[in-house]
Amino acid sequence: MSSAESSTSTNSGGRPSGDTTSSRRRSFDETYRAVADVEGWMTRAQAGRLWDAASRLRAGARIVEIGSFRGRSAIVLASAAPPGVAITTIDPHGGNDRGPQEIEGFEEAAATDHVVFWENLRAAGVDDRIDHLRLGSQEALSHYQGQVDLLYIDGAHRLAPARADIVAWGARVAPGGTMLIHDSFSSVGVTGAIVAELVFGGRFAYRGRSGSLAEYQRVPLDPARRMRNALRQAVELPWFVRNVVVKALIVARLGRLTRLLGSDGTWPY
Ligand SMILES: C[S@@+](CC[C@H](N)C(=O)[O-])C[C@H]1O[C@@H](n2cnc3c(N)ncnc32)[C@H](O)[C@@H]1O
């Protein structure tokens with residue numbers, strides 16, 4: 001059953017509807033090999049965390065991904081999700097907040113992203129598992145009814161939109177459900193949003209991270225657990241500072257110096 005309320009106006013790709021329940025499901029290794037050439041930002045460990053979270057779901061559960069780019073993470077989620085799990089992806093492919101240092105003015109590239117997104121889903125054999133809303137995440141709220149069992153947030157990384165996603169979409173996460181946030185303790189905007197909404201909050205328990213992919217579970221926290229939860233997140237802040245310094249050195253074309261911080265000179269995520 002489709003989880004998104006609307007489809008024809010926002011779905012794209014002209015793909016057939018249906019389910020791939022009859023086809024043999026790929027293993028994690030096969031899936032990770034299948035996304036090797038799909039551009040995006042997701043390490044093997046992060047793919048593993050997405051895979052584990054999606055694999056735990058049962059038929060009837062619902063996944064929402066915010067920020068799909070060219071489909072790298074969506075393919076992992078859709079390949080791991082058992083039959084009967086509904087998957088909705090949300091991405092306006094509008095040219096804003098496209099990736100690191102690509103905040104505005106990428107309309108042409110983003111239009112290509114949308115086409116390549118569907119091509120990649122088709123090539124991976126998961127296009128018929130996904131309902132795509134080509135909308136901004138806040139606009140998409142009114143096109144999606146009900147709760148979410150697994151929410152993956154990897155859309156706009158500036159403070160205001162990242163915070164709005166955590167607040168509005170986080171409120172949709174079912175009790176016991178999972179919220180995964182990419183670029184946590186790495187992007188300044190996303191980390192600011194986490195500090196504002198989650199570090200001292202009482203609704204989501206921090207469960208750890210794979211690189212910048214942080215995992216939260218929706219559970220009520222009493223004051224004592226709330227304090228421990230804040231401390232568990234606070235210990236990630238030195239890693240955040242390290243990532244900000246690495247990025248500043250890369251922008252200043254001093255990438256070689258990042259070795260002093262254990263980096264290989266690539267953008268951390
Ligand atoms: C970092 S990329 C996502 C990477 C993707 N998850 C992957 O595995 O490769 C960020 C994406 O967020 C999208 N985006 C930007 N603003 C958005 C918004 N308001 N709502 C949803 N997605 C948005 C961009 O179009 C871009 O494709």
Any side-chain heavy atom of [X] sitting closer than 4.5 Å to one from [Y]?
X    : Y    : answer
Y144 : I90  : no
S212 : H182 : yes
L50  : L150 : no
Q233 : Y216 : yes
E65  : I130 : no
V235 : L231 : no
E215 : S210 : no
D113 : F69  : yes

Q: If a pair satisfies ring-ring contact (aromatic ring centres under 6.0 Å, His included) and one of its residues is in residues 228-251, list it, with sequence neighbours excluded.
A: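 Applying ring-ring contact (aromatic ring centres under 6.0 Å, His included) to every pair that reaches into residues 228-251, excluding sequence neighbours, yields nothing.
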Atom [atom1] of [X] and atom [atom2] of [Y]: how far apart are they, to the nearest 0.5 Å?
X    : Y    : atom1 : atom2 : result
D97  : E102 : CG    : CD    : 10.5 Å
T258 : D264 : OG1   : CG    : 7.0 Å
L249 : S263 : CG    : OG    : 9.0 Å
I181 : I153 : CD1   : CD1   : 5.0 Å
R98  : N96  : CZ    : CG    : 11.5 Å
L221 : F204 : CG    : CZ    : 10.0 Å

Locate the shortest heavy-atom distance separating [X] from [Y]; write the atom from each residue and the value.
X    : Y    : result
D91  : S68  : OD2-N, 2.8 Å
V85  : R58  : CG2-O, 3.4 Å
G265 : I250 : O-CD1, 3.5 Å
A124 : I75  : CB-CG2, 3.7 Å
A59  : P83  : CB-O, 3.5 Å
L180 : A53  : CD1-CB, 4.0 Å

Single-linkage hydrophobic cluster, 4.5 Å side-chain cutoff, [X] and [Y] together:
X    : Y    : value
L198 : V219 : no
V35  : F28  : yes
F106 : W267 : no
V244 : Y269 : no
V246 : L257 : yes

Q) Can R72 and V76 be said to form a side-chain contact (heavy atoms from CB on, under 4.5 Å), step by step? A) CA-CA 7 Å; R72 193 166 157 83; V76 170; 6.0 Å; no
Distance-only criterion, 3.5 Å: show the donor-acceptor pairs between side-chain atoms of residues 189-197 and protein atoms not counting sequence neighbours.
from	atom 1	to	atom 2	distance (Å)
T191	OG1	F185	N	3.0
T191	OG1	S186	N	3.3
T191	OG1	S187	O	2.6
E197	OE2	R163	NE	2.6
E197	OE2	R163	NH2	3.0

Checking the side chain of [X] only, and the main-chain atoms of [Y] only, is there a donor and an acceptor separated by less than 3.5 Å?
X    : Y    : result
R242 : L261 : yes
R134 : P92  : yes
N229 : Y206 : yes
R218 : R203 : no
R172 : L141 : yes

Q | Distance-only side-chain donor-acceptor flag, Q138 / D165, under 3.5 Å | A |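 Their side chains do contain a donor-acceptor pair, which is all the 3.5 Å distance test asks for.
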(Q) Could you work out, with ring pair (Phe, Tyr, Trp, His ring centres under 6.0 Å) as the rule, every residue matching H157, not counting sequence neighbours? (A)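 Not a single residue meets the ring pair (Phe, Tyr, Trp, His ring centres under 6.0 Å) criterion with H157.
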Q) Listed by chain and number, what are the ring pair (Phe, Tyr, Trp, His ring centres under 6.0 Å) partners of F117, not counting sequence neighbours? A)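 Per chain and number, F117 pairs via ring pair (Phe, Tyr, Trp, His ring centres under 6.0 Å) with H93, H132.
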Q | side-chain contact (heavy atoms from CB on, under 4.5 Å) between V116 and N120, worked out | A | CA-CA 6 Å; V116 174; N120 287 335; 3.3 Å; yes
Please tabulate, for side-chain N and O atoms in residues 36-45, each donor-acceptor pair with protein atoms closer than 3.5 Å (sequence neighbours left out).
from	atom 1	to	atom 2	distance (Å)
E39	OE1	R70	NH1	3.0
T43	OG1	Q46	N	3.1
R44	NH2	D29	OD1	2.5

Q: Apply side-chain hydrogen bond (donor to acceptor under 3.5 Å, both in side chains) to S27 and list each qualifying residue two or more places apart in sequence or on a separate chain.
A: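 S27 satisfies side-chain hydrogen bond (donor to acceptor under 3.5 Å, both in side chains) with E30 once adjacent residues are dropped.
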Q.
Counting only heavy atoms from other residues, nucleotides and ligands, does the tally under 6.0 Å from CZ of R259 exceed 12?
A.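 Open: at most 12 neighbouring heavy atoms sit under 6.0 Å from CZ of R259.
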Q: Please state whether the rings of W118 and H114 are parallel, tilted or perpendicular, taking 30° and 60° as the class boundaries.
A: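 Because their plane-to-plane angle is over 60°, the rings of W118 and H114 count as perpendicular.
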**Q.** From CA spacing to verdict: side-chain contact (heavy atoms from CB on, under 4.5 Å), I66, L151
**A.** CA-CA 8 Å; I66 297 173; L151 172 65; 4.1 Å; yes
